[in-house]
Amino acid sequence: MGLLNQFSGKVRWAISLVMILLLSSCTHDDPIYNPTPYQITVPKFFPTRMNIPADNPMTVEGIELGRYLFYDGRMSGNTEPDKMMSCGTCHLQSKSFECGIDHPRFIGGRTFGITGILTPHYMLPMINLVWNESGYLWSGSISENNPNLSQRNIEDIVGMAVTAPHEFAGDSNKTKALIQSIPGYPELFEKAFGSRTVTMRNISKAIAQFTRTLISSDSKFDKYMRGEQQLSTQELSGYVLFMTEDGADCFHCHGGSGNPLFTTNLFYNNGKDSVFNDSRDRFSVTGDPSDHGAYKVTTLRNIELTGPYMHDGRFKTLDEVIDFYSQGIIWSPYIHPLMHHANDGGIQLTPGEKADLIAFIKTLRDDTFLTNPAYSSPGTLPDGEKAIK
Amino acid sequence: MIESCGKDDVKSVAPTFVFKHNVNGSELEKGVMKYTNLAGNLYEVDELQYFISEITLTAADGQRIEIKSDSAIHYIDLDIPSTLAWSPEDLIPKGDYTSISFVFGISESKNKTGLYVNPPERDMFWPDIMGGGYHYMKMNGNWKTTGDLITPFNFHLGIGMNMDGTVFYQNCFTVTLPLNIHTASLGNVVTVTMNIEKWFEAPNVWDWNVIGGQIMMNQPAMHMAAENGVNVFQVSFQGTDPE
């Protein structure tokens, strides 16, 4: 070090550059490890800044591997049919990556893990997650601000799903060993990460890469914004209600013309209760009393497919949700001030206005997303087994 | 405050702007219902988010220097500490400055939807059907009504509109304040302080019980707020002359 310190900054910089080049040439010895960078095409009006960790750049090979793993029930560490579970068991493309209210196994949309333990909350969709900088899960606990280095991004959610009693209830060593033993996977890991050895870290990275490709930007409303399609008179009336303070005023939290994600990804108490004792609300993360009963505002994209609604699934239909915002708001000291009808029970819409608002919200359904073959189950897994549908 | 490097350029310095918020002199405490405005409304402020833009310093010799970095616009959010200080890339010639001015909000030519696609600025967007662009300010809180109900207010300013949506009003306004400091170098920090209470005092006494809590679609109210707004700021300067 003493010697290095005698060099000027420039020389020192050149030396470290040489060292980096030497290092990287070592890893490139391996002819099979030459991953192809994957560039997300940012849709018109979408954010240009993306939440992609520096240590997990997206690659075509990483995404391909991640898609297999997302739909492979052996991620649970089990091979018996009734004990297998993957992300795709609960997160269905046709339901915007929720399970939907009519799921044959998760009755009424209530999800549970392999052993039958219920998930603490109802589901969240997987849409446009790469543009969320404020925190994942209903409480937003998975974020860059989490002091726990292993609870910061989607990569970490994968590891949590494997071991959580309400999901795979598994053991990451078992999962790792099983995936390692499946013909085809070691090659895919090598192509994506330069090593045939399966690690939980690389499993997590691959699945996270896949989830970051799940982008919705082609709803009827997107086409309207791009000038490609007109909205009906009723849809336009609903749009005006959605976007105006004297109307239904949804846009301050759910986005709109200036925010195509249809969520700010921030946290609000939207006036459903007067007593708050959920140990997984926003308050549990921030300790800020004004966050009692606050949850992440959900995107309204594909919302017609993702009932039941709210973190606790209390509303079965969109009609019930609109009735709530119209007549069912409950004042509490914690209600967010953007819920400005707090003292009048709600926005007091007429039946006609409710129908208009719902007609508009339905223009946010994106069939291109729901049927995009790149997001669907690969059908066959690397070893020829059937993937979760 | 960083002295610009390079011997040939010691004539200029990089200013830092710091944004502070108080109520009649004492630092704002968020979420505490303890302030009473001139109209007698008891109120609290929970969130405060706003833009100031086109900061211009006028030198003793009349020269005007506009801060141009970041499209000349800065976003301030009480919940995001990093927004409470701004060190633009601009370099300012050393010298005596007698006044500072800035636009509260964003002026018409720049205030167009699409200017910001990333948060947090993006979430200030103002609906296209109401003129588009961005809220100049969102101040959210509660006041106690005459019937003792704690009721939300959303003191939001932006482009105004007449009742039938045919005429739009640019409600942004320019604040000009004496800098009152004569120094050989514009060194350290210019502190811009908003006294929240001044939004509610003069020339228009603000009574939420009369005006109501929401004003985005109430152009006369937004106009009154803008008239009061020219009185809400103070600036001060702490400079150390490095020479």
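Below, each value reflects all heavy atoms present in this structure, side chains not excepted, and no hydrogens, waters or symmetry copies. Naming: A, B, ... by sequence-line order, numbering from 1 per chain.
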Between B:Asn118 and A:Thr48, is the side chain to side chain donor-acceptor pair (under 3.5 Å) condition met? List the steps. CA-CA 7 Å; B:Asn118 294 314; A:Thr48 50; 2.9 Å; yes
Side chain to side chain contact (heavy atoms under 4.5 Å, CB included) for B:Arg122 and A:Arg49? Distances and angles first, verdict last. CA-CA 12 Å; B:Arg122 171 202 67 201; A:Arg49 206 167 55 216; over 6 Å; no
Could you check A:His341 against B:Gln214 for side chain to side chain contact (heavy atoms under 4.5 Å, CB included), going step by step and ending with a plain yes or no? CA-CA 10 Å; A:His341 294 275; B:Gln214 288 65 43; over 6 Å; no
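Looking at B:Leu115, there are no atoms closer than 4.5 Å to chain A (heavy atoms on both sides), in backbone or side chain. Proximity to chain A is limited to the side chain of B:Asp123, based on heavy atoms less than 4.5 angstrom apart. Neither the backbone nor the side chain of A:Val42 comes within less than 4.5 Å of any heavy atom in chain B. With a 4.5 Å cut-off on non-hydrogen atoms, A:Ser134 does not touch chain B at all. Within the 4.5 angstrom heavy-atom criterion, no atom of A:Ile335 approaches chain B. In this structure, chain A has a heavy atom under 4.5 Å from the side chain of B:Ile129, while its backbone stays farther away. With a 4.5 Å cut-off on non-hydrogen atoms, A:Glu245 touches chain B through its backbone and its side chain both. For chain A, the nearby part of B:Asp46 is the side chain; its heavy atoms alone come within less than 4.5 Å. For B:Met130, the part lying near chain A is the side chain, with the backbone staying farther off; criterion is any non-hydrogen pair under 4.5 Å. Interface residue A:Thr263: only backbone heavy atoms are found under 4.5 Å from chain B.
Across all their heavy atoms, A:Ser257 and B:Phe125 have their closest contact at OG-CE1, 3.7 Å.
Contact count versus chain A (heavy atoms, under 4.5 Å) is highest, among B:Asn218, B:Thr113, B:Leu149, for B:Leu149. When each of B:His135, B:Met124, B:Lys138 is checked for heavy-atom pairs under 4.5 Å with chain A, B:His135 comes out on top. With chain B as the partner, the residue from A:Glu133, A:His336, A:His252, A:Met339 showing the most heavy-atom pairs under 4.5 Å is A:His252. Of the residues considered (A:Leu261, A:Asn265, A:Thr264), A:Thr264 shows the highest number of contacts with chain B, using heavy-atom pairs under 4.5 Å. Comparing B:Pro119, B:Pro120, B:Gly213, B:Gly114 by how many heavy-atom pairs each has under 4.5 Å with chain A, the most go to B:Pro119.
Under a 3.5 Å cut-off, the side chain of A:Trp331 and the backbone N or O of B:Ile150 do form a donor-acceptor pair. A donor-acceptor pair under 3.5 Å is formed between the side chain of B:Asn154 and the backbone N or O of A:Pro337.
Atom CG of residue A:Asp246 and atom CE of residue B:Met216 lie 9.5 Å apart, to the nearest 0.5 angstrom.
There is a side-chain donor-acceptor pair under 3.5 Å between A:Asn343 and B:Thr151.
Outside the 6.0 Å centre-distance limit, the rings of A:His340 and B:His156 are not counted as a close aromatic pair.
No more than 12 heavy-atom neighbours from other residues, nucleotides or ligands sit within 6.0 angstrom of NZ on A:Lys362.
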